[in-house]
Amino acid sequence: MKNSQLYILCFGTTLTSIKNEYLKCKTLSDFEELAKKSMMPHRFYYYDYKAGQGHTYQACRHYFDKQLRIMPRVLIDVSEISLKTTIFGLIYESPILIATSACHCLAQVDGEVATARAATETQCIFTYNWTFSNMPEEYVLQTLADKKGYRAIVITCDQPHERIRDFVLPLFEEASKNIDPELMKNMSIPNLNIPGIIVKQHFGTGSVTWANIEWIRKLTQLSIICKGILSPIHAELAIKYGANGIIVSNHDGRLIDTAPPAIECLEDVVNAVDGRAEVFVDTGIRSRTDVLKTLALGARAVLIGRPILYGLACGGQDSVRRVLDILKRELVYDMACCGLTSIDQINKDILYKH
Ligand SMILES: Cc1cc2nc3c(=O)[nH]c(=O)nc-3n(C[C@H](O)[C@H](O)[C@H](O)COP(=O)(O)O)c2cc1C
């Protein structure tokens, strides 16, 4: 009896220490390391997955770290700095958004709900992924009708085949065992069967084309954002078929290895779009300087994927909030070093010899 009490006490202590460990995280890599330690290896592996040898991801980091340098500017009054920015005509707290990613409940039992709450607390846009998520189905159905505060529809354009489906489903089902059975009834796996929604007709079949973008354009007044565009030609097509926004992304190197880094493609896409749509970027953004560099190259805002999931794994909603707060606080610091007081002042002039 004594032994089992001792065991329970030790177990409790361990859990508490892991639970608060995220408070020591100072950078986004700290969250990744902690997530690696605290998550079940196969779940971490799913988040961390990179296609092939991971060249795309490495090239992306190389480009951020070695190709783009920031030239500081001195002796400018930066006593008041604002991160506020405008996206599709509305003002938001910062240009940092949460990327769409599947299976938040592999990180933490509250899954997307916890992430959405952290996004609300930090007034950050959350790109909610309607497949493999634990958000109630009714929210998804209301999306196209512009209810519940949805502002835009992001369409993943770069994943023609559900390559990882067989691999994800068992993981998802395993994670979902921990979820409240009531919530479970509304899980989004059934969303794959919602009548009339593109997901049912085309998901994973490889048959989604520009015609589907045109079709959705006719269905909704919401802004449409095409995600996974790397070439100026595809950016042009996206606009032609009705997109209001483009996310320059290579899916964090999860799809095709040796695709060029999104950050390297950004400027060409921005030039091709020439103000006709809003251009966003994701993939490999891990620090404040990364955010600054993408904005300098013309992105309207950035989307963060894995660091959010790692944050969720480390300490749930509070820890996701901490990830976002760290990025925002540090961005303010970097802007000060560059003599910038507002997001609209950020441009190529801060990039050394660009
Ligand atoms: C675990 C995981 C699941 C993802 N699922 C999707 C998805 O279902 N649809 C999609 O368009 N992108 C998905 N993404 C890609 C992200 O939206 C985003 O492009 C990428 O994570 C950004 O790079 P970062 O993780 O380096 O910030 C996923 C990414 C991860 C890490």
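Note that this is a predicted model, so its numbers are computed, not measured. Atoms within a ligand are numbered from 1 in the order they appear, just like the ligands themselves.
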For the 3.5 Å polar cut-off, considering only N or O atoms, please tell me whether [X] and ligand 1 meet it.
X    : value
A99  : no
Y46  : no
P307 : no
R286 : yes
Y57  : no

* To do: Can you measure from SG (C105) to CG (D110) and round to the nearest 0.5 angstrom?
  =>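 The SG atom of C105 sits 10.0 Å away from the CG atom of D110.
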Going by the order shown, which atoms of ligand 1 are within less than 4.0 Å of some heavy atom of [X]?
X    : value
G284 : 23 (O), 24 (P), 26 (O)
S249 : 19 (O)
I304 : 27 (O)
T283 : 22 (C), 23 (O), 26 (O)

* Would you indicate whether K36, at its atom NZ, is surrounded by more than 12 heavy atoms from other residues, nucleotides or ligands within a distance under 6.0 Å? => no
Look at the aromatic rings of [X] and [Y] and report parallel, tilted or perpendicular, splitting at 30° and 60°.
X    : Y    : result
Y49  : Y45  : perpendicular
Y310 : F44  : parallel
H234 : W210 : tilted

* Answer with side chain, backbone, both or neither: which part of S101 has a heavy atom less than 4.0 angstrom from an atom of ligand 1? => both
* Under a 4.5 Å cut-off applied to non-hydrogen side-chain atoms, are I225 and I153 in contact? ->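 I225 vs I153: side chains apart.
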* Hey, are the side chains of L324 and I96 touching, using non-hydrogen atoms and a 4.5 Å cut-off? -> yes
Heavy-atom nearest option to [atom], drawn from [options]:
atom                    : options          : value
atom 21 (O) of ligand 1 : G228, G305, A262 : G305
atom 22 (C) of ligand 1 : I155, D282, V281 : D282
atom 11 (O) of ligand 1 : I247, T156, I308 : T156

* **Salt-bridge contact E267-K348 (side-chain N to carboxylate O under 4.0 Å)** =>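 Looking at K348 together with E267, the answer is yes, because their closest N to O distance falls below 4.0 Å.
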* **R321 charged N/C atom sitting above Y22 aromatic ring, 6.0 Å / 45°** =>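 Output no; distance or angle outside limits.
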